[in-house]
Participant: 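Structure incoming, see below.
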Amino acid sequence: MLPVVVVHGGAGQIPKERSEASTSGVCSAARAGYAILRGGGSSMDAVVQAVSQMENNPSFNAGCGSVLNVKGEVEMDAIVMDGKTLGSGAVSAVRNIANPVQLARLVMDKTSHACLTAEGANQFAWAMGIPEVPPESLITEYSRMRWKKNLAPDANPVECQMGKMGTVGAVAVDSEGNVACATSTGGMLNKMEGRVGDTACIGSGGYADNQSGAVSPTGHGEAIMKVTLARLILFHMEQGQSVEAACDLGLAYMKSRVGGLGGVVTVDPQGHWAANFSSLQMAWAAAQKDTLHYGLYTGEHFTQSIDTPQ
């Protein structure tokens, strides 16, 4: 069963003209993560590589495709967690950083803290030699168009958010049976300045534990936080539920209890995996046993050889 990597490109409703880019983006990220695993690399290296690749892809709401806050600026959150040690690192409300997930990993590896925010996170990045990028390099025309649209008095940002493109994330198990997760996001469309969603919060935006598995969620952050979705799903797995059933139970609870829609990618330490969602769509891809799996709509599951040229 091992190794395996599973990625998502966000839950919601993806416009037709963007769905192809989202699907090819998650497939490419899964390939990148799997190449590390196939070479004997760690699950942590694999998830950071996969998520970094999606941060660099303007099709996703992370890194250079991030949505804008109410002032028209980019503020990003990211988290990583290592299932072997329960080590975790996160950053929130960071600006001018191309790959927040890499900064989150440095928080885990180089500090005694679990989360750095805003100005402090940016100062830490500078101390670690991570270059700042111009703010405009993270803003796409698409993000700017949606920002302007949602400044209209009758706009509903939550409804709009559940569409278009989303948070990115990855989970993996390496050949030694260690699990890891990574999640990164530009947050919610037209959010208040300083708003932090689920992504940077351990147990909500991600969780990894070798004794149960790893989860990376996507969806409406406030709803995910209220039910600590990542940890909730692993709780169901600890109670003996399969990966698939645990994901469905967690998502169903979030929908019935707080009306939240979303999706997750999940693995257990044996290499069983799932990519489940309650939203209309979620671009996802998985790589295992030299096979690439991917889909966008509920019930959709395509496969091809990992070595098939892209």
Participant: Please name the residue in the list Val67, Asn61, Val70 that meets the side-chain contact (heavy atoms from CB on, under 4.5 Å) test with Leu189.
Facilitator: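 Exactly one candidate clears the test, Val67.
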
Participant: Side chains of Val171 and Thr266: does their closest heavy-atom pair fall under 4.5 Å?
Facilitator: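 Not touching, per the 4.5 Å side-chain cut-off.
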
Participant: Quick one, Tyr207 and Leu234 - any side-chain contact, counting heavy atoms below 4.5 Å?
Facilitator: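 Of all side-chain heavy-atom pairs linking Leu234 with Tyr207, at least one is under 4.5 Å.
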
Participant: Is the closest side-chain heavy-atom distance between Asp209 and Met81 below 4.5 Å?
Facilitator: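 A side-chain contact is absent here, since even the closest heavy-atom pair is not under 4.5 Å.
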
Participant: Can you sort out the partners of Ala274 under side chain to side chain contact (heavy atoms under 4.5 Å, CB included), two or more places apart, ordered by chain and number?
Facilitator: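 Scan of Ala274 (side chain to side chain contact (heavy atoms under 4.5 Å, CB included), adjacent residues dropped) gives Val243, Glu244, Cys247, Asn276.
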
Participant: Rest of the hydrophobic cluster containing Met192 (Ile/Leu/Val/Met/Phe/Trp/Tyr, side-chain heavy atoms under 4.5 Å)?
Facilitator: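 Its cluster mates, by chain and number: none.
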
Participant: Taking Leu292 as the starting point, is it possible to reach Val7 by hopping between hydrophobic residues whose side chains are less than 4.5 Å apart?
Facilitator: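 As far as the 4.5 Å side-chain criterion goes, Leu292 and Val7 are connected within one cluster.
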
Participant: State, yes or no, whether a side-chain contact exists between Val47 and Val80 at a heavy-atom distance under 4.5 Å.
Facilitator: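 They are not in side-chain contact.
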
Participant: With sequence neighbours left out, write down each residue that passes side chain to side chain contact (heavy atoms under 4.5 Å, CB included) with Met145, or none if nothing qualifies.
Facilitator: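 Here the qualifying residues are Tyr142, Lys149.
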
Participant: Quick one, Leu229 and Pro217 - any side-chain contact, counting heavy atoms below 4.5 Å?
Facilitator: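 A side-chain contact under 4.5 Å exists here.
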
Participant: Verify side chain to side chain donor-acceptor pair (under 3.5 Å) between Ser52 and Gln102, making sure each step is shown before the conclusion.
Facilitator: CA-CA 7 Å; Ser52 295; Gln102 294 175 21; 2.9 Å; yes

Participant: Could you tell me whether Glu136 and Arg144 have a side-chain N and a carboxylate O separated by less than 4.0 Å?
Facilitator: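 Not counted as a salt bridge, because no side-chain N and carboxylate O are separated by less than 4.0 Å.
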
Participant: Quick one: salt bridge (Lys or Arg N to Asp or Glu O under 4.0 Å) pairs with a partner in residues 248-269, sequence neighbours left out?
Facilitator: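 Every pair satisfying salt bridge (Lys or Arg N to Asp or Glu O under 4.0 Å) with a residue in residues 248-269: there are none.
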
Participant: What are the two closest non-hydrogen atoms of Ala62 and Val168, and how far apart are they?
Facilitator: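 Of all heavy-atom pairs spanning Ala62 and Val168, the closest is CB-CG2, 3.8 Å.
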
Participant: State the CD1-CG distance between Ile130 and Leu103, to the nearest 0.5 angstrom.
Facilitator: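 The distance works out to 5.0 Å.
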
Participant: Do Val5 and Ile233 belong to the same hydrophobic cluster, where Ile, Leu, Val, Met, Phe, Trp and Tyr are linked whenever their side-chain heavy atoms lie under 4.5 Å apart, directly or via other members?
Facilitator: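 Not linked; separate clusters.
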
Participant: Just wondering, do His220 and Met188 contact through their side chains at under 4.5 Å, heavy atoms?
Facilitator: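 A side-chain contact under 4.5 Å exists here.
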
Participant: Quick one: which residue pairs count as a salt bridge (Lys or Arg N to Asp or Glu O under 4.0 Å) with a foot in residues 99-127, not counting sequence neighbours?
Facilitator: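 Found Asp45-Arg105, Arg105-Asp109.
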
Participant: Taking side chain to side chain contact (heavy atoms under 4.5 Å, CB included) as the test, write out the residues that go with Ala21, two or more places apart.
Facilitator: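 Checked Ala21 against side chain to side chain contact (heavy atoms under 4.5 Å, CB included); matches are Ser59.
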
Participant: Enumerate, atom names and distances included, each donor-acceptor pair closer than 3.5 Å involving a side-chain atom of residues 31-38, sequence neighbours excluded.
Facilitator:
residue, atom, partner, partner atom, Å
Arg31, NH1, Ile306, O, 2.4
Arg31, NH1, Thr308, O, 3.3
Arg31, NH2, Thr308, O, 3.1
Tyr34, OH, Lys289, N, 3.3
Tyr34, OH, Asp290, N, 2.9
Tyr34, OH, Asp290, OD1, 3.1
Arg38, NH1, Asp290, OD1, 3.0
Arg38, NH2, Asp307, OD1, 3.1

Participant: State, with a plain yes or no, whether a side-chain heavy atom of Thr291 is found less than 4.5 Å away from one of Gln304.
Facilitator: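 Thr291 vs Gln304: side chains apart.
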
Participant: Do Ser88 and Ile79 come within less than 4.5 Å of each other through their side chains, counting heavy atoms only?
Facilitator: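 Result yes, sub-4.5 Å side-chain heavy-atom pair found.
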
Participant: Return the set of residues passing ring pair (Phe, Tyr, Trp, His ring centres under 6.0 Å) with His293 (not counting sequence neighbours), or none when no residue passes.
Facilitator: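 By the ring pair (Phe, Tyr, Trp, His ring centres under 6.0 Å) rule, His293 matches Trp273, His301.
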
Participant: Side chain to side chain contact (heavy atoms under 4.5 Å, CB included) with Glu193: which residues, sequence neighbours excluded?
Facilitator: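 If we apply the side chain to side chain contact (heavy atoms under 4.5 Å, CB included) test to Glu193, skipping adjacent residues, the hits are Asn69, Lys71, Glu73, Glu75, Arg95.
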
Participant: Report the C-alpha separation of Ser216 and His8 in whole Å, then their side-chain angles, then the decisive distance to 0.1 Å, and conclude whether the side chain to side chain donor-acceptor pair (under 3.5 Å) test is met.
Facilitator: CA-CA 8 Å; Ser216 170; His8 68 72; 3.0 Å; yes

Participant: Taking only residues two or more places apart in sequence or in another chain, which ones pass ring pair (Phe, Tyr, Trp, His ring centres under 6.0 Å) with Tyr294?
Facilitator: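 Ring pair (Phe, Tyr, Trp, His ring centres under 6.0 Å) list for Tyr294, sorted by chain: Phe302.
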
Participant: Tell me which pairs pass salt bridge (Lys or Arg N to Asp or Glu O under 4.0 Å) where either residue lies in residues 211-224, with sequence neighbours left out.
Facilitator: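 For residues 211-224: Arg195-Glu222.
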
Participant: Which residues pass the ring pair (Phe, Tyr, Trp, His ring centres under 6.0 Å) test with Tyr253, sequence neighbours left out?
Facilitator: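 Result, ring pair (Phe, Tyr, Trp, His ring centres under 6.0 Å) vs Tyr253: none returned.
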
Participant: For the pair Asn210 and Asn178, evaluate side chain to side chain donor-acceptor pair (under 3.5 Å) and give the outcome as yes or no after the intermediate values.
Facilitator: CA-CA 6 Å; Asn210 277 7; Asn178 294 316; 2.8 Å; yes

